[in-house]
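What follows is a single structure, written as structure tokens, with notes after it.
Just so you know, residue 1 is the first one in the sequence shown, and it goes up from there. This is a predicted model, so every value here is computed, not measured.
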Amino acid sequence: MSEDKIQTPKYFIWETHGIHAGTGNDHVKHGVDELEKITEMAIEKAHPNISFIIHTPRLTRFRYVAEERLGVKFIRGDNAYFHYPEKIEALKAKYGNQISIRYGIELEWLGPNLGMQWNRSKIFQAQNADFVIGSLHFSREGIPYDGSQEETDKLIEIRGGVENYWLEYIEELIEMIDTSWEMIQIVGHLDLPKLYAPIPKPLLELETSNHILARRMRFLLEMISEYNLALDVNLAGINKGCGIYPDMSILKRAKQLDIPIALGTDTHTTQNLGNHYQTGIEYAYEAGYKHYVSFSKSIPEKRPLRNSGFKEEKYKVMNLGIEMLNLRFEDRKQRRIPKFSFGGEYRTFLEHHKNATSLGDFEAIRIRKGDKSITISNSIPENGKQKIKGLFSHHKDNPGVLSMIFNALASEEINVETAYLNSNNDGTATAFLTLSGKEKSINEAVEFVKGTGGDNFFEIHLCDKFDIPEFQKGKNYLIEVDGVNLPIAISKQMILSIHNNSSGILLILLSALASRNINVKDLKLGKRGNKGYAILGIEGNSQLISDVLKKLGPQFFETTHLQLTSEGI
């Protein structure tokens, strides 16, 4: 289709519980096997994203009646599941320049004992998944909640009535979250049993009911809130005749607890691609939500329920900051949504983010988690325009050249206080460094560079009054790290270093990068007390960069490889 005929749909969801990938040659088909076909359909519809999901295989005793009748034991395509990630990577290679492709898994809760260990093994088989949904389909008794009316009636009889049936379901969800909250990001279809069993009145009156069912559901939602998990707003119930999961009473209670939501059609056929987007958006909006989350590499991204050009761009800035901050944490903490402060035009977000604070007229977003923060903006930072004293260098833009300067300065026990580095995109770079130390020692270092640097340096000398260079141009800018001023254009690969603020420490990092042929394209330095801060824009092999950062030593308190994938780059 020609580009001028394609129109982005008015209502669109970056789905989480999206399109179920099929089970290949398994006896019981489940999901879409034609992944290329449905990807091409999404491109044809001008969808900016498509999200795939697959059920994890189950233990043998957890089977639907249809599966038992067929004698199927290794449930829902173990072979298909094992090859799922490589199929997605093949899709990305073929279509990645036309559409964003995300993928995740729906982790079947099978109990806390063998079931838990089974699930851990399935998580490892999908290590690079963008998200994990924790879902409860099967009761402790091995009977499904969403199988058939026959199976539901049997379980209701075993449990002694509808209320006990629901109560045990809620207790199993509490057990699932309490046991596996670090493994998942989203809780799937919270009131799934309403497919074949009426939802009890106390669950429709969560604000007032003192019934045990209402009390346990309120506790369940509080757990989801405390663990900062997202709630699946699942549109599949529309087609099944039971309505959207969860019921509006539950969703409004979730909003009161500031539980984030993730939306999805939970579709298993090509015919349902993109169905009910408008209905789902309006449903969440009615509950009081103004935004939802999607996930990339387990990191949450906030998105507006109702798009406008302004809001979409601002969300991209915020998501970039979230990604940068979360990469500073170990895996299990990356998945939690941080807190925010908004300034300037970003203050429009204040009404939608509980506990957010204002930055006044400062045109930026600060994203906070624990003692770490990132401040980010799409406005180019002011450089002060003042004239300062320091060392100027115009040199070849090659790996290792910058480390020659730092090496010479360290040999004279000179510490670099601040740095400005610009790649000129013509094979050269310019650097300006402010230094602490005697002028005579600085000049000695300059002469050393001239004598040993050969033709790498076109000009290097001490300046009395130098204009601070303009920042490299970028789409978005890092302003501060943990409150330390480090203004720099954000690039796809960066390194954040927090280290002992003494002579020669940064030389270790620069030398290590040069030894792996990693080029530094941009650099900003800062300090607070005995801590030095550095942010580097870099080019080179990402695996080599990660290997280098593991070997720097105890003088480095934090070294984070920011390999960024956000739309805001």
Side-chain angles (χ1 to χ4, degrees), residues 17 20-31 53-85 103-129 131-148 151-152 154-159 164-190 192-193 216 219-220 223-224 227 229 232 298 331-332 335:
H17 205 148
H20 274 269
T23 51
N25 295 321
D26 196 3
H27 296 283
V28 180
K29 295 292 184 184
H30 187 84
I53 185 169
I54 194 169
H55 284 273
T56 55
R58 293 182 250 113
L59 296 170
T60 301
R61 79 177 179 90
F62 295 97
R63 287 187 289 175
Y64 293 95
V65 166
E67 293 166 339
E68 290 179 353
R69 286 172 182 160
L70 288 170
V72 178
K73 291 190 174 181
F74 218 47
I75 307 302
R76 285 201 178 159
D78 184 75
N79 187 57
Y81 180 80
F82 188 80
H83 293 288
Y84 171 56
Y103 75 103
I105 62 174
E106 186 168 7
L107 192 67
E108 300 268 12
W109 176 246
L110 305 174
N113 300 313
L114 173 60
M116 185 65 174
Q117 309 320 316
W118 173 272
N119 280 350
R120 287 187 186 280
S121 73
K122 301 310 163 191
I123 288 279
F124 276 107
Q125 288 179 12
Q127 276 291 290
N128 293 320
F131 54 87
V132 179
I133 299 175
S135 290
L136 173 59
H137 294 93
F138 282 83
S139 66
R140 291 188 182 97
E141 294 86 346
I143 300 172
Y145 289 105
D146 64 338
S148 65
E151 289 163 305
T152 297
K154 179 180 179 182
L155 187 55
I156 290 173
E157 182 181 356
I158 289 171
R159 290 182 173 177
N164 281 340
Y165 168 84
W166 275 91
L167 182 61
E168 286 303 307
Y169 171 76
I170 294 171
E171 293 298 338
E172 286 177 270
L173 276 177
I174 289 171
E175 181 182 64
M176 179 189 83
I177 292 168
D178 188 50
T179 308
S180 61
W181 67 270
E182 289 188 315
M183 300 164 62
I184 65 177
Q185 288 82 50
I186 309 101
V187 181
H189 34 61
L190 199 69
L192 181 69
R216 297 310 285 164
F219 178 76
L220 171 62
M223 283 185 73
I224 294 171
Y227 287 133
L229 301 171
D232 176 29
S298 298
D331 180 71
R332 68 187 182 89
R335 305 172 183 185

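- The closest donor-acceptor contact from the side chain of W181 to the backbone of M223 lies at 3.5 Å or more, if one exists at all.
- The closest side-chain heavy-atom distance from M176 to P112 is not below 4.5 Å.
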Quick one, H20 with E106, criterion side-chain contact (heavy atoms from CB on, under 4.5 Å). Give me CA distance, side-chain angles, the key distance, then yes/no. CA-CA 9 Å; H20 274 269; E106 186 168 7; 3.0 Å; yes
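- Inter-residue side-chain proximity for Y169 and L192 is flagged as met; some heavy-atom pair is nearer than 4.5 Å.
- Under the 4.5 Å side-chain criterion, counting only non-hydrogen atoms from C-beta, I186 is not in contact with L229.
- Here the straight-line distance linking atom OG of S298 with atom CE of M183 works out to 12.0 Å at 0.5 Å rounding.
- In this structure, CG in L110 is found 9.5 Å from CG in L136, a value given to the nearest 0.5 Å.
- A donor-acceptor distance shorter than 3.5 angstrom exists from the side chain of Y84 to the backbone of G104, with no hydrogens or angles considered.
- In this view, R140 and E168 satisfy the side-chain hydrogen bond (donor to acceptor under 3.5 Å, both in side chains) rule, not counting sequence neighbours.
- Judged purely by atom type and a 3.5 angstrom limit, E151 has no side-chain atom pairing as donor or acceptor with the backbone of P144.
- Atom CD of Q125 is separated from atom CZ of R120 by 15.0 Å, given to the nearest 0.5 angstrom.
- Side chains of I53 and H17 form a contact here, defined as non-hydrogen atoms less than 4.5 Å apart.
- Of the charged side-chain nitrogens involved, none lies within less than 4.0 Å of a carboxylate oxygen, so that K122 and E108 do not count as a salt-bridged pair.
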L190 vs D232, side-chain contact (heavy atoms from CB on, under 4.5 Å): CA-CA, chis, key distance, verdict: CA-CA 7 Å; L190 199 69; D232 176 29; over 6 Å; no
Starting from the C-alpha separation in whole Å, work towards a yes-or-no answer on side-chain contact (heavy atoms from CB on, under 4.5 Å) for Y227 and D178. CA-CA 9 Å; Y227 287 133; D178 188 50; 3.5 Å; yes
One pair to check against side-chain contact (heavy atoms from CB on, under 4.5 Å): V187 and I133. What are the steps and the verdict? CA-CA 6 Å; V187 181; I133 299 175; over 6 Å; no
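- Side-chain contact between Y165 and I158: absent, with no pair of heavy atoms (C-beta onward) separated by less than 4.5 Å.
- A distance of 13.5 Å separates OG in S135 from OH in Y145, rounded to the nearest 0.5 Å.
- Between N164 and I156 the shortest side-chain heavy-atom distance does not fall below 4.5 Å.
- Atom CH2 of residue W109 and atom CD of residue E172 lie 9.5 Å apart, to the nearest 0.5 angstrom.
- Inter-residue side-chain proximity for F138 and I143 is flagged as unmet; no heavy-atom pair is nearer than 4.5 Å.
- The side-chain heavy atoms of I184 and F131, taken from C-beta on, include no pair separated by under 4.5 Å.
- Taking each heavy atom of P57 and W118 in turn, the nearest pair found is O-NE1, 2.7 Å.
- By the neighbour-count criterion of 12 heavy atoms within 6.0 Å, atom CD of E157 is sparsely surrounded, having that number or fewer from other residues, nucleotides or ligands.
- Atom CG in L173 sits 11.5 Å away from atom CZ in R216 (nearest 0.5 Å).
- The aromatic rings of H137 and H189 stand perpendicular to each other, their planes meeting at an angle above 60°, with 30° marking the opposite boundary.
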